[in-house]
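The block underneath contains the structure these notes are about, expressed in structure tokens.
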2 protein chains.
Amino acid sequence: MTTQRRLLLEVFQKAQGPIDAKELYRQASARDQSVSWATVYRSLNLFKQLGLIDERRLTKARCSYEIKQSMEHMHLVCQCCGKIIDFENYLVRKLVELVRHEHHFNVTKVDLYLEGYCAKCDGEKEVH
Amino acid sequence: MTTQRRLLLEVFQKAQGPIDAKELYRQASARDQSVSWATVYRSLNLFKQLGLIDERRLTKARCSYEIKQSMEHMHLVCQCCGKIIDFENYLVRKLVELVRHEHHFNVTKVDLYLEGYCAKCDGEKEVH
DNA sequence: TTAAGTGCAAAGGCTTTGCAGCATA
DNA sequence: TATGCTGCAAAGCCTTTGCACTTAA
């Protein structure tokens, strides 16, 4: 456990939700200028391998990372205001069990991403 | 509508499930050597904009594309051999309805991604 | 004919890696 | 002290873009 890794983990713990490598680098190097891109990416791969963080493909350009969540965890992303709502439900587990049985597919990771309009933005859309 | 675009759409229609740009280029240029990477990517962006195809980041390295599917569509990605299995089930619709009601979230796009071991790779894992 | 599409090559982003020096245990 | 980690810089991929030429309508 090095100072760099400790620092990066702290940034993750402070973050509310997923962040990308760029943001991780930005926040970490703001607190310790010597932190390099190489260390950021090497640590991300390490944390991922250790199961400390999840890697998601939220945008085309780059991956997002966040402290590991439960399997029943979903993200609702508002395409209007960008708000991210975290959401958990037993139906996700049912879905996983279904896949396991119908396809003999041994699920290790679930990534559910729903895009649309949140209550607020959808309401405003109706008005116009 | 150019010959190149027609050819690329044909490759999509023949493909069983999502393919990435590399595979699209491979198959297209096998039938018409003059097809270039620039045209492949420019066409992908056009098709996406027209709503003909969906773009998903199924693997970390690159995006996958496929003819637009229903909302109940899911992807199972084998972390061992990389195979991508398409899968549909009514539970996805139930999930969407749940989100709609419980969070007043107006869902426009669903992206469900399950990672794990396919039947074949999981079987081989057991042996060792 | 002419606006739009194409190929080529170069550039742009994100991520990985070789290597020498440094720090943790 | 010895293994493992780091920073730097360069390289590796995937994707986009400028430019001159070609093609579909």
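So that the names make sense, note that chain A is the first sequence line, chain B the second, and so on, each numbered from 1.
- Listed by chain and number, the residues in a side chain to side chain contact (heavy atoms under 4.5 Å, CB included) with A/E102 are A/L98, B/F87 (sequence neighbours excluded).
- Formation of a donor-acceptor pair under 3.5 Å by the B/S64 side chain with backbone atoms of B/D20 is not found in this model.
- Distance A/Y25 OH to D/dG7 C1': 10 Å, rounded to the nearest Å.
- Screening residues 4-34 of chain A for ring pair (Phe, Tyr, Trp, His ring centres under 6.0 Å) gives A/Y25-A/W37 as the qualifying pairs, with residues at least two apart or on separate chains.
- If you take CZ of A/R5 and P of D/dG7, they are 11 Å apart, rounded to a whole angstrom.
- One axis for each end of the helix from C/dT1-D/dA25 to C/dA25-D/dT1, each built from five base pairs, and the angle between them comes to 40° at 10° resolution.
- For A/R26 and C/dG13, the CZ to P distance is 18 Å, given to the nearest whole Å.
- Distances shown here put every side-chain N or O of A/S36 at or beyond 4.0 Å from the OP1 or OP2 atom of D/dC8.
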Annotated protein contacts, base or backbone, on nucleotides 15-25 of chain C with a non-hydrogen cut-off under 4.0 Å, one of B, S, - each: BBBB-----SS

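- By the side chain to side chain contact (heavy atoms under 4.5 Å, CB included) test, B/S34 is found to be paired with B/D32, residues two or more places apart in sequence or in another chain being considered.
- For the pair A/D32 CG and D/dG7 C1', the interatomic distance rounds to 12 Å; values are reported in whole Å.
- The side chain to side chain donor-acceptor pair (under 3.5 Å) search around B/K22 returns none, not counting sequence neighbours.
- Partners of B/R26 under the side chain to side chain donor-acceptor pair (under 3.5 Å) rule, at least two apart in sequence or in another chain, are B/E23.
- Legend: residues meeting side chain to side chain contact (heavy atoms under 4.5 Å, CB included) with B/K68, ordered by chain and number and at least two apart, are B/D54.
- Atom pair A/E23:CD and C/dC14:P shows a separation of 13 Å (rounding to whole Å applied).
- With sequence neighbours excluded, the residues that form a side chain to side chain contact (heavy atoms under 4.5 Å, CB included) with B/E66 are B/P18, B/R56, B/Q69, B/H73, B/H75, B/D86.
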